[in-house]
Structure formats: C-alpha cells, structure tokens
There are 2 protein chains.
Amino acid sequence: MNVTGHTSRTASIRDVAAAADVSYQTVSRVINGHPSVKPSTRERVLAAIEELGFRRSATAHALASGRVRSVTVLTANITHHGYASILQGIEEAARAASYTMAIGVLESADETAVRAEVQRAADAGGGLIVIAYDPAGVRALADVPAGIPVVGVVETPARTPGGDRPWVWTDDREAAYEATRHLLSLGHETVHYVAIPSSTRRTAARTAGWRAALREAGAAEPRPVQGTWGPAGGYTAGRKLAADAAVTAILCGNDDLALGVMRALHEAGRPIPGEVSVVGFDDAPHAAYLTPSLTSVRQDFTGLGRAAFGLLHGLVEQSAPVAPHPVSVPELVVRESSGPPPSTA
Amino acid sequence: MNVTGHTSRTASIRDVAAAADVSYQTVSRVINGHPSVKPSTRERVLAAIEELGFRRSATAHALASGRVRSVTVLTANITHHGYASILQGIEEAARAASYTMAIGVLESADETAVRAEVQRAADAGGGLIVIAYDPAGVRALADVPAGIPVVGVVETPARTPGGDRPWVWTDDREAAYEATRHLLSLGHETVHYVAIPSSTRRTAARTAGWRAALREAGAAEPRPVQGTWGPAGGYTAGRKLAADAAVTAILCGNDDLALGVMRALHEAGRPIPGEVSVVGFDDAPHAAYLTPSLTSVRQDFTGLGRAAFGLLHGLVEQSAPVAPHPVSVPELVVRESSGPPPSTA
DNA sequence: GGCATGAATGTGACCGGTCACACAAGCAGG
DNA sequence: CCTGCTTGTGTGACCGGTCACATTCATGCC
C-alpha cells in the first residue's frame, strides 16, 4: 500500500472480486458489460474497481480470449512522406477499431534480417500489414508464414511475390502516365525520368506508365536515371541531366527527388520552368511552397493506410466480408514547375 | 493438417513435448537455451519444433513471465520530420533490445481523448515514451498513472508537468540562442521569430533562447509571430513579415515554417538573403537542397529517440542503473539563406 | 559402502483473464 | 403443484507459457 491507500501493484479481477464480495466471474461480467448483472452488484464491483485502481491486463485478455486486436506494420522506412502517411492512415483506422499498432522497421533487405523481423512480428500474435514498396518489404511480404492474417501495400499487385494475399495499392502506372502526358501536351519532345528504387527487379509501375505515354506519343525513350529516395539522389541525377542541353522535361519518382533535381538545375543555371520543366510525385506538403512550386501527382496515402487496415480488420474478424482490392486514384496537381519548352526558334 | 502435413493452427509447447516424447518443461528449457539439457534430447525437441512449426506465443510468454518487452510511444504526430526521426531512433534501439514498439497517436489535446489513449497505452503492459513537444503530449505525460515506467521527450525539463519522471531533451534554448547570435553577428539590427506551437502556455524554449540573444545584444524585441507546424503556417506568417520593410532577418521554429516564409518572401519580391535572411530549425533533409539552401540548426532526433529508449530500458530492467538525463547538443549549419543585411546606405 | 553433489528431467501451481456449464431463485403457464 | 424459462451468480477448466520444487540417476569422495 502506498500513501494514498491504494495498492501500488496492479490488482487482478480476483482482488476486485474479493473486495466486492462476489466471484471473479461477476467482475468479468461487469468489465465486459454483460447484461445480466444486478444493478446493485454492478455498483459494488465498479466501486471496488475504482478503489483498487484495477485495469484489465491486455496480455491476459489476449491470451484467454484468443483475440489479439493488434496490427504490426512492417516497413523499410518511417521518415519519408509516403510511408509516414500510410502509417498515419493505418493508425487512425486501428485506433478507431481499438486496435494497437506496432511498427517493425526492415533495416536492410538482407534475407536473414528480414526473416528475423517477420518472425518477431508474426510472434506478436496480431495481424500484419507489410509495406512492399521496396525490396525489403517485398521479401518480408513473401516471408510471412501461412495462417497469419496479412495485407500488403504494394506497388503493382500482379507482379508482387506473395501477391496472392489481400493487398491495396494506388495506380502508379496510370499516375505516371498522366504526368508524362501533361508534359508532352505542353510541347516537350520527350520526358526524362528519375526513378525511385524499384520494389523488384522488374520494371516499376511508375516507370512503366511513363514509358507507355512516351511510346504512345511516338517520343524518344531515354534511359531512366536511377535515383534514391531522398533529395541527395535527385541532386546527383539532376547534375547529369542538367549537363544535357536537350533535356527540357523531367519526371521524378517522388517530390524529394524533384527537390534535388531542381537544386541541380538551379546550380547549372537552367531556369525552371523556362528551360526545363520538373514534375514530382506524391504531392508532399512542401511541394506547394517550393520556388518554383512543384507540379506533382497527389496520392492519398492516408486513405491507402486506412484501406489496408480495413482489409486486415475484415480478415481477422471473419464476420465482415472483405471488399477485395481497394484502389485509390492519384490526381495531377499542376503548379509553376511545369510549362512549355523553350522555343527553339 | 494442410497439404504439407503441418497443422495449420499454432502448436503449443505441450504439442511439441508430446511429439518429442519429453515433458513440456524440457521444451521450455530448449527454447530458452537452458544449459542442462542432454544434447540428444535437445535435438529431438528442436526437430519436433521444426516439424510442427512451433513459435512461442509472445502473449503467453509475457503473461507468464511478467516481462512485457514492449514500448508504446505516445505522440501527437508521426509525419513531421522531428517526430518521425525520434520514432526511428526509438525503434532502432527497441529492435536491438528485441523490444516491440507500438505507437499511439494523440489526435487532439482534448482531455478525455488524451486520457483514453493513455489508458490504452498503459493497459498494453509495457513501458511508455511520451513525446511532449505539444499540449497533447504534455497532457499525456502528466496523465500516465503512477507505477508505469515512462520516459518523456520534452522541450524544457523543469517546466514540464510530470517532469519528475525521467526525460530526455535537446537544448532548444541554447540552439535558438546560437541561431539568433549568428544573425546578429552578420549585422542585422534585430531578428524576427516565427514560432512553432508551444508545448505549454509558458514561453517555449526556442522563443526564450531567441529573446535572450536579442536582449543580450540590446536589440529590439519584436513580438514572435505564431506559426503552425507546417509550411502553410510559415507562409501566412511570412506574408505579414514580408510587408514590413524593416524586417531583415527571420528565425523560424522549424524548417517547414522556414519554407513557407521563404515562399512568401519570394512572392513579395524580397530576395533571400539579399534583403532578408532566413534561418530554420531541425535541419530536415530537404533544407540543404532548397534554393537558396537553408541555414538551420541540426538536431540529433534519432539519437534522442535512442536515448529515450535507453532510459526506459534501464527503468524496466532494474539491473541497469539509469544515466539520468541525456542531453543532445544542437549544431548550427550555415548555408545560403543567411547573410548580411542590405546596406542601408 | 554410504552419502553428498550435480546433471537431466518431470510435476504442480500460477500469471490474469475467458469460456462452458452448473445452480439457485423468481415467476409464468398448464 | 409441478414444469419450464429467465435472471443472477458461482465453479472448474483452460489459454500457453514460466517458476519453484521434487525426483532420478550417475559420479566423486571419504
């Protein structure tokens, strides 16, 4: 007992039962709002609960009931805008369903490291959501043992290994197609592409959409420039592209890459959009405030996260039948960074 | 049994025991690497484990052992750079100690909402880390029931309610002081400040550091302009400041605010740093790639997160005595956005 | 040979809940 | 008055592990 007269260590339902002079089962009934408890008894029990500062152990509850009510999200990253927004969406939905959200970061794509992390997540007992936008995530999704409820957030459903599981996605191919069309329609002869790292060795969805638009327009198809996730990679790529006077339009795999590209163009003295147009991807919060403001493709990552959780939730509680594969539709937001090519007069 | 001959539902240690013809206790010993198990027995048990696809239930383990090995992080935000980096640091350290990391988002600072979220986190059983950079977080930290191991990531230790608990922090006051000194030493008459939302009603650490530097230099002390967390708030604040021709130096509470301010200055036709210098805070990844690149105060948020977990870890496993209050030292990174004021000749 | 010692293994209770079922009391209908 | 159903409550087993202790057997030492 401490100063206030409460026991300092957690009380169990049997302690409460003793204090209220009922059986532990009755306490359980009160906690769970079971109807057939006499009001006067309920009062006594509630008073005892208050008195002892009882809180039901989530662990014991999970063990006894079999229901775990938790999601573990496996992701390679939590600082980049897209990933973080997905997490936010999942958390929102999870909280609403009073689920707990845990996060496991896949630090490397190394086979044993991924396997270990997947094991840990699987052992936790709840459901899994795997963000498979990168090699580590893809491998993790494939490694999830059978029998564990899992939803993948994938780049391209059909091509992803382990794609037989429920998934959510945004139509990146279509989005890249639109963005490329936008630039071509402004009069650019072709569009260069700075790619984010792909989830698999096969052609990434964004790359595919970009290429399709070029092909359809009969435009030249330059080799995509490989970037990273952050602005540094964009900067490196941008320096190469800036040196090529023929380049007038650049599509970037995300807004951070676009930032790096813009910086490189600026240093090379090539005005945006006067000489070169730049289009980003994801419409991160800062895109609108850059100078020039960045044309980008808006993605509803938060909604994607919510959808992923919804799917998982349906999977776990058999009751709710699951709407199979929600798709969110990206939207092109045109700003200052894209315009017509310089007149070659 | 499924096609492969394995049971599809999880096997318990008693199942394994039966298969290996030993007692469940022996299985437990093998799992936990207890020394006194005959090698041949160990072999049999391991074979049975493999055969049945046994994985130890984290839930049951936690219940029986009393040790939970999990941290729940309560935070108002996960998308902003600082918060996300702290989370990353915590996750890193947690994973290394094979702890699980859960996240609870404090969506509003509303009293009952916060209380509910804190309850959920407390019920989970493990330790807690509360990021108390904002009113929601501060309230949450204060609401954590006694007896639950908790570490606060705070703005200013002494002033934070619930500050009797272990905490970590970075010296924001000192950092703001340095940044302001930098601008003053370039020759600016005074420095204006666009503030992030404060964690309490009392003067925020960054504001205090800025003010101290001004006072020390005998400079005028303009009212700080209240901002938000994102670039939109900076933009609004920036428009006001841009309209005032006397403004030549602006310190911003974070890099997103600085971005918005820079945009507003640009739109108002006031060159940076030619007419106005801008300094940010936190050194987010994009700061270096903006045009002009942004002078900012680098913060080791990841290290801060690791330290927070370290503290909590020591708290939970009594064994390790706890180094009380780690402090990380911010560092000013000077870039293009800050320079001497326009000559007033 | 007798006995303490340690290695290898098993038994029962317990962690804090839930679940299935039993049981007493109250009240209806035939 | 007896049967049958509902309401309110209690009992024992169980979820899947761990812990403390008991047991067996081989070995070392006097």
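In the text below, chain A, chain B and the rest are named by the order of the sequence lines, each starting its count at 1. Fair warning: this is a prediction, and the values are worked out from it, not measured in the lab.
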For this session: Verify whether one side chain among B/Thr75 and B/Asn77 offers a donor that lies under 3.5 Å from an acceptor in the other.
Result: no
Problem set entry | 5'-most by nearest nucleotide on DNA chain C - B/Ser40 or B/Ser65 | B/Ser40
Seminar exercise, completed: Those residues at least two apart in sequence (or on a different chain) that pass side chain to side chain donor-acceptor pair (under 3.5 Å) with B/Thr112 are B/Asp110
Seminar exercise, completed: Interatomic distance, CG@A/Asp143 vs CG@A/Leu106, rounded to 0.5 Å, equals 10.0 Å
Exercise. For A/Ser23, what residues pass the side chain to side chain donor-acceptor pair (under 3.5 Å) criterion, not counting sequence neighbours?
Worked result: A/Thr26
For this session: Not counting sequence neighbours, which residues clear ring pair (Phe, Tyr, Trp, His ring centres under 6.0 Å) with A/Phe309? List them please.
Result: A/Tyr99, A/His313
Give every pair of a protein N or O atom and an N or O atom of nucleotides 4-6 of chain C that lie under 3.5 Å apart, one pair per line with the distance.
none

Identify each atom pair where a protein N or O and an N or O of nucleotides 23-25 of chain C are less than 3.5 Å apart, giving names and distance.
none

Exercise. How would you list all residue pairs meeting ring-ring contact (aromatic ring centres under 6.0 Å, His included) that involve residues 39-78 of chain B, not counting sequence neighbours?
Worked result: none
Problem set entry | Within residues 12-34 of chain A: residues closer than 4.0 Å to DNA chain C (heavy atoms) | A/Ser12, A/Ile13, A/Arg14, A/Tyr24, A/Gln25, A/Ser28, A/Asn32
Can you give each donor-acceptor pair under 3.5 Å made by side-chain atoms of residues 85-93 of chain B, sequence neighbours left out, with the distance rounded to 0.1 Å?
unit_1  : atom_1 : unit_2   : atom_2 : d
B/Ser85 : OG     : B/His81  : O      : 2.8
B/Ser85 : OG     : B/His81  : NE2    : 3.4
B/Glu91 : OE1    : B/Arg95  : NE     : 3.3
B/Glu91 : OE1    : B/Arg95  : NH2    : 2.8
B/Glu91 : OE2    : A/Val105 : N      : 3.0
B/Glu91 : OE2    : B/Arg95  : NE     : 2.9
B/Glu92 : OE1    : B/Arg306 : NH1    : 3.0

Seminar exercise, completed: Footprint ends on DNA chain D, 5' to 3', for atoms under 4.0 angstrom from a heavy atom of chain B, come out as D/dG16 to D/dA20
For this session: Remember a base hit wins even if backbone is also touched, and classify A/Thr41 as base, sugar-phosphate or nothing at under 4.0 Å, heavy atoms.
Result: sugar-phosphate
Problem set entry | Carboxylate-amine/guanidinium contact A/Arg44 A/Glu51, below 4.0 Å | no
For this session: Under 4.0 Å between any heavy atoms, over every strand shown, what does B/Arg67 touch: base, sugar-phosphate, or nothing? Just pick one.
Result: sugar-phosphate
Problem set entry | Sugar-phosphate only, base, or nothing, as touched by B/Arg55 at under 4.0 Å among non-hydrogen atoms | sugar-phosphate
For this session: Could you tell me whether A/Ser36 contacts a base, only the sugar-phosphate backbone, or nothing, with contacts defined as non-hydrogen atoms closer than 4.0 Å?
Result: base
Exercise. When rounded to the nearest 0.5 angstrom, what distance separates CG in B/Asp123 from OG1 in A/Thr10?
Worked result: 10.5 Å
For this session: Check whether more than 12 heavy atoms from other residues, nucleotides or ligands sit under 6.0 Å from atom CG of A/Asp21, and answer yes or no.
Result: no
For this session: First locate atom CG of A/Leu141, then atom CD1 of A/Ile131, and finally report the distance between them rounded to the nearest 0.5 Å.
Result: 11.5 Å
Seminar exercise, completed: The complete set of ring-ring contact (aromatic ring centres under 6.0 Å, His included) pairs with one or both residues in residues 30-49 of chain B, sequence neighbours excluded, reads none
For this session: Give a yes or no on whether the backbone of B/Ser36 and the side-chain of B/Arg29 come within a donor-acceptor separation of less than 3.5 Å.
Result: no
For this session: Describe, as an angle rounded to 10 degrees, how the axis at the first end of the helix from C/dG1-D/dC30 to C/dG30-D/dC1 is tilted relative to the axis at the last end, five pairs per end.
Result: 50°
Problem set entry | Point-to-point distance, once rounded to the nearest 0.5 Å, from OG1 of A/Thr72 to CG of A/Leu312 | 9.5 Å
For this session: Report the residues that fulfil side chain to side chain contact (heavy atoms under 4.5 Å, CB included) with A/Ala58, sequence neighbours left out, ordered by chain and then residue number.
Result: none
